[in-house]
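As structure tokens, the structure follows; a few thoughts come after it.
Owing to the predicted nature of the structure, the values given are computational and were not obtained by experimental measurement.
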Amino acid sequence: MEHEEISDGQARSGVATYVVEAVVAVVLLVIGLVVVFEARKLGAGWTTDGPGSGYFPFFIGVIITISGAGILYQSLLGKKRNTEVFVDSVQLKRVLSVLLPATVYVLAITFVGLYVASAVYIALFMILLGKYSWVKSVIAALAVNTVFFCMFEVWFKVPLFKGALDPLRFLGY
């Protein structure tokens, strides 16, 4: 944790930028190595009729791995290591207030489908983060999803995912 002064004289504490860069570099290294090893299983060589199915993924994995190693070197051993605060607790709380509900939303789509999960997501965001009344929020959420339902299911005849529980089956779509 590094400290940095902000305008009112308080020390700003949080995670240093080079730490975040190092974590991202390690993630890139892991992804690159997984791609390389899986591409080798597919056949990364040249066959009699051209490149094997893992040929191009292999080299993409090599590029990702080299990039991750370069970022890791720069973040930990580079001459211009960035020790400024990347994110403080207030900023992290704001990001998580959007990220965690979005994660729950994506998981909810699996069970109740896109329309129901989207209606609940819009309504809760309007109520909790937008500070709108629950009546306005529910009306807006239902209106938006009704328009999307009519547009995709009725007019374009493109069915969207209804979820494992399919709570909208009574509509006949």
Side-chain angles (χ1 to χ4, degrees), residues 1-2 4 12-122 124-125 129 144-145 148-149 151-153 155-169 173:
M1 302 277 194
E2 298 290 327
E4 182 179 295
R12 181 175 173 236
S13 64
V15 180
T17 301
Y18 75 91
V19 174
V20 176
E21 290 172 351
V23 169
V24 169
V26 169
V27 169
L28 281 175
L29 275 169
V30 169
I31 289 171
L33 290 173
V34 166
V35 170
V36 165
F37 287 115
E38 292 299 316
R40 299 269 307 148
K41 287 182 186 177
L42 288 173
W46 199 265
T47 64
T48 57
D49 58 342
S53 33
Y55 185 80
F56 292 110
F58 174 80
F59 287 106
I60 296 298
V62 168
I63 291 170
I64 293 171
T65 303
I66 291 170
S67 299
I71 294 169
L72 186 62
Y73 173 79
Q74 283 181 336
S75 65
L76 296 178
L77 305 172
K79 293 178 184 175
K80 295 181 181 178
R81 186 169 72 168
N82 192 349
T83 59
E84 294 177 13
V85 174
F86 180 76
V87 64
D88 61 29
S89 60
V90 174
Q91 293 168 329
L92 186 60
K93 184 179 176 185
R94 281 190 214 137
V95 169
L96 291 178
S97 72
V98 175
L99 180 63
L100 294 178
T103 305
V104 172
Y105 165 69
V106 170
L107 295 173
I109 289 173
T110 305
F111 299 106
V112 295
L114 193 63
Y115 299 114
V116 175
S118 295
V120 171
Y121 185 67
I122 290 170
L124 288 177
F125 253 73
L129 295 179
V144 166
N145 282 284
F148 283 145
F149 181 84
M151 186 171 54
F152 286 106
E153 304 285 334
W155 301 324
F156 295 153
K157 305 262 188 251
V158 176
L160 297 182
F161 187 65
K162 308 289 187 314
L165 302 177
D166 194 11
L168 298 177
R169 84 178 69 110
Y173 285 91

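Residues Phe56 and Pro51 share a closest heavy-atom pair of CE1-CG, 4.1 Å. The shortest heavy-atom contact between Ser118 and Tyr105 is OG-OH, 2.7 Å. When all heavy atoms of Phe125 and Ser97 are compared, the pair lying nearest together is CZ-O, 4.3 Å. Of all heavy-atom pairs spanning Gly54 and Ala39, the tightest one is O-CB, 3.4 Å. Between Phe86 and Val20, the shortest heavy-atom distance links the atoms CD2-CG2, 3.5 Å. Heavy-atom minimum distance, Tyr121 versus Pro101: CE1-O, 3.7 Å.
With rounding to the nearest 0.5 angstrom, the CD1 atom of Ile66 is 10.5 Å from the CZ atom of Phe59. With values rounded to the nearest 0.5 angstrom, Ser67 atom OG is found 12.5 Å from Leu72 atom CG. Rounded to the nearest 0.5 Å, atoms OG1 (Thr65) and CZ (Phe37) are 8.5 Å apart. Of the inter-residue distances, the one linking Ser75 atom OG with Lys80 atom NZ reads 15.5 Å to the nearest 0.5 angstrom. Leu77 contributes atom CG, which lies 11.5 Å from atom OH of Tyr18 (distance to the nearest 0.5 angstrom).
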Would you please test Val24 and Ile71 for side chain to side chain contact (heavy atoms under 4.5 Å, CB included) and show each step?
CA-CA 8 Å; Val24 169; Ile71 294 169; 5.5 Å; no

Stepwise side chain to side chain contact (heavy atoms under 4.5 Å, CB included) check, Ile122 with Val144:
CA-CA 9 Å; Ile122 290 170; Val144 166; 3.9 Å; yes

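Within the structure, every pair that satisfies the side chain to side chain donor-acceptor pair (under 3.5 Å) test and touches residues 19-46, not counting sequence neighbours, is listed here: Glu38-Lys41.
Side-chain atoms of Phe152 and Pro159, non-hydrogen and from C-beta on, never get closer than 4.5 Å to each other.
The closest donor-acceptor contact from the side chain of Thr17 to the backbone of Asn82 lies at 3.5 Å or more, if one exists at all. Counting only distance, with no hydrogens or angles, the side chain of Ser53 and the backbone of Leu42 share a donor-acceptor pair below 3.5 Å. Judged by distance alone, with hydrogens and angles left aside, the side-chain atoms of Lys162 form a donor-acceptor pair with the main-chain N or O of Leu160 at under 3.5 Å.
Checked by atom type, the side-chain pair Tyr115/Glu153 shows a donor-acceptor distance below 3.5 Å.
Residue-environment remark: CZ (Phe161) exceeds the threshold of 12 foreign heavy atoms within 6.0 Å.
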In a table with atom names and distances, give each donor-acceptor pair under 3.5 Å that connects a side chain of residues 25-34 to protein atoms at least two apart or in another chain.
none

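The side-chain contact (heavy atoms from CB on, under 4.5 Å) test with Leu114 is passed by exactly one of Leu168, Ile109, Asn145: Ile109.
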